[in-house]
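Single-structure report; data block below.
Counting starts at 1 for both ligands and their atoms, in listed order. Small disclaimer: the values here were computed from a predicted structure and weren't measured.
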Amino acid sequence: MSVGDKTVRSLDMPVSPEAVDASSTALERAAPFRMEYASAPESTSIISIAPQYGLFINGVMTDGASARRPVVNPATEEVLCHTTDATSADVEKAVAAAESAFGKWRRLAPSERAKYIFRLARILQERSREFAVLETVNGGKPIRESRDVDIPLSAAHFFYYAGWADKLEWAFPNRRVEPVGVVGQIIPWNFPLMMLAWKIAPALAAGNTVVLKPAETTPLTALLFAEVCQQAGLPDGVVNILTGAGGTGRAIVEHPEIRKIAFTGSTEVGKGIARALAGSDRRLTLELGGKAANIVFADAPLDQAVEGVINGIYFNQGHVCCAGSRLLLQESVAENFLGRLRRRMEMLRVGDPLDKNTDVGAINSKVQLERIEELVEAGKAEGAELFQPVCPLPGKGYWFAPSLFTGVSTSHRIAREEIFGPVLSVLTFRTPADAVAKANNTAYGLSAGVWTDKGSRVLWMAQRLRAGVVWANTYNKFDPASPFGGYRESGYGREGGWHGLLPYVELSD
Ligand code: NAP
Ligand code: MG
């Protein structure tokens, strides 16, 4: 459903608790594309990690002799391997390969391009167990999430955009449709393969070629994807993958032959990239942070709302740009709701990400853990009250207990800044207008959630919330056909759906 230029996604209401398998959790129920396995992929024996990795340029993996950057399993602090930091000279080579491939790729019959993209999607499905375990080992997220959300949604994204490749004339009627050229794509560490899919799939479908940089802490599924490109017989140079840190990202941004940059990450780096491209005709889409309001009205089905709030903030340890990190409770129901929420938090299992019963895994990196700790200390110092369930945390690795702050005021840092961790800030409101005012009182505008029994109220709220995605009686639901993106400091441009093609096509009359 669309309201103005927003996406409104809604679960068919009402859903009785009995309609949902009692043994499944909210996080499982959130998974839109499930794959069934004969047994859970909890074993690391199905993955193989090389001691060192090079760069994927022009269809070839370089030897990795200069790999120096350690890749760490955040749940154990074990060094898994070393990767190479791509230099400006490497970026130069990758761009040259992508330019040379562009000449042929853009002229390929669109139906042939589609075949390659379908092939990538199918191989991702076939190798999904390997991808899921690798994503979890490298990133710290629970295997159930990698298995049921990240990897299936990544494959779904390739399937979806493969379908567009030979329908661009239909997508943009009466316009001449051309690809943009070589595109540079820079992605974060919270959904490594999924962000790669969101970036690469539409770019290839529209006939562009790609230079992509994964985040420094989570390069392994991108490197495995390079192998998938080889396996699919994708023409050399169509996809190039360069590992590295901020310096590599900067070299990609600054390369004049890259016609478009797609960036997902922090608002701070996003603003820097916008400044670097200002005044040029090079295109840019930014998907930055968020501080979403998850709004619960007194008439909401409260048990369902509790599950949705848990899913909204503790899914992927809260490392989610659209996380429902501000809970707005209608005053008359606030105490009742908080009681239920605290009891539910006590049931969350924190620990080994490879255990399929784990709900909350490891924090992605030491740096991110320190950032979360710093903001939680600030919340305490500003006078908010912290609740954490009793849960033993493993001795090694980076961990943070699921956390809830009450007594939060809109001026507190924990109500304004993106924590990007399993930390929920609770505020209250009286009227729908009050809820809208509090929800919109943020520099961000990526997403919001509304929990109510009244369809009319959902629409009333969706029209007023300054958020790119509004979920109604559900949260963190993703679909490749649905555009995703923000207002204000959450960035600009949309990924997913027909809208997601726009940044990758040049239209003329
Ligand atoms: P970040 O630095 O913005 O990272 C995003 C990507 O940009 C990474 O691949 C990063 O490389 C690269 N990068 C860093 N500096 C760059 C530069 N100057 N030019 C071009 N590319 C550059 O984000 P972060 O440091 O990992 O996380 C910081 C905060 O950002 C988090 O605490 C969270 O609040 C927010 N965040 C938001 C999202 C989102 O989905 N919107 C995702 C991640 C983080 P490196 O990996 O080497 O940094
Ligand atoms: Mg960074």
Practice task
Answer yes or no for atom 36 (N) of ligand 1: protein heavy atom present at a distance under 4.0 Å?
Solution key: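 Looking at atom 36 (N) of ligand 1, one finds that a protein heavy atom does lie closer than 4.0 Å.
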Less than 3.5 Å apart, any donor N or O on the side chain of [X] or [Y] sitting next to an acceptor on the other?
X	Y	answer
S365	T217	no
S425	K291	no
W471	N294	no

Which protein non-hydrogen atom lies closest to [atom], naming both residue and atom, and how far is it?
atom	answer
atom 1 (P) of ligand 1	S266 OG, 3.6 Å
atom 44 (C) of ligand 1	F420 CE2, 3.6 Å
atom 12 (C) of ligand 1	I186 CG2, 3.7 Å
atom 34 (O) of ligand 1	E418 OE1, 2.7 Å
atom 28 (C) of ligand 1	R371 NH1, 2.8 Å
atom 46 (O) of ligand 1	E216 N, 2.8 Å
atom 9 (O) of ligand 1	I187 O, 2.8 Å
atom 16 (C) of ligand 1	V269 CG1, 3.4 Å

Practice task
Taking all non-hydrogen atoms of both residues into account, name the closest pair between V470 and A467 and its distance.
Solution key: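 Minimum heavy-atom separation between V470 and A467: CG2-O, 4.2 Å.
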Practice task
Over all heavy atoms of both residues, which pair between I252 and I261 is shortest? Give the atoms and the distance, please.
Solution key: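 Heavy atoms only, the tightest pair is O-CD1, 3.9 Å.
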Per-atom contacts, ligand 1 versus [X] - under 4.0 Å to a heavy atom:
X	result
P188	42 (C), 43 (C)
E287	41 (N)
T264	5 (C), 39 (C), 40 (O)
Q368	31 (C), 32 (O)
L288	39 (C), 41 (N)
C321	39 (C), 40 (O), 41 (N)

Practice task
Report yes if the side chains of F158 and I200 come closer than 4.5 Å at any heavy-atom pair, otherwise no.
Solution key: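 Touching, per the 4.5 Å side-chain cut-off.
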Practice task
Taking the side chain as every heavy atom from C-beta outward, state whether V436 and M461 have any pair of such atoms under 4.5 Å apart.
Solution key: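 Yes, their side chains come closer than 4.5 Å.
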Exercise for the section: Output yes when a side-chain donor or acceptor of H412 lies under 3.5 Å from a complementary backbone atom of A384, and no otherwise. Expected result: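 No, H412 side chain to A384 backbone: no donor-acceptor pair under 3.5 Å.
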Exercise for the section: Examine distances only and state if a side-chain atom of R250 and a backbone atom of I273 form a donor-acceptor pair shorter than 3.5 Å. Expected result: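 Checking the backbone N and O of I273 against the side chain of R250, no donor-acceptor pair under 3.5 Å is found.
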Exercise for the section: Could you check which of R250, E417, H319, E254 puts a non-hydrogen atom nearest to atom 19 (N) of ligand 1? Expected result: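 The option holding the nearest heavy atom is R250.
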Practice task
Run down the list F263, W189, Y444 and name the one with the heavy atom closest to atom 7 (O) of ligand 1.
Solution key: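 Minimum heavy-atom distance to atom 7 (O) of ligand 1 goes to F263.
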Problem - Parallel, tilted or perpendicular, as decided by the 30° and 60° cut-offs, for the rings of Y161 and H157 - result: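 Answer is tilted, since the angle falls between 30° and 60°.
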Handout entry: Value rounded to 0.5 Å, distance of CZ in R326 from CG in L424
Key =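 Rounded to the nearest 0.5 Å, the CZ-CG separation comes out at 11.0 Å.
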Handout entry: Nitrogen or oxygen of G249 less than 3.5 angstrom from that of ligand 1
Key =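 No, since none of the N or O atoms of G249 sits under 3.5 Å from an N or O of ligand 1.
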Handout entry: Check: F191 ring centre within less than 6.0 Å of W198 ring centre
Key =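 Centroid separation for F191 and W198: 6.0 Å or greater.
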Practice task
Could you tell me if any non-hydrogen atom of F191 lies under 4.0 Å from any atom of ligand 1?
Solution key: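 Not so, F191 does not reach ligand 1.
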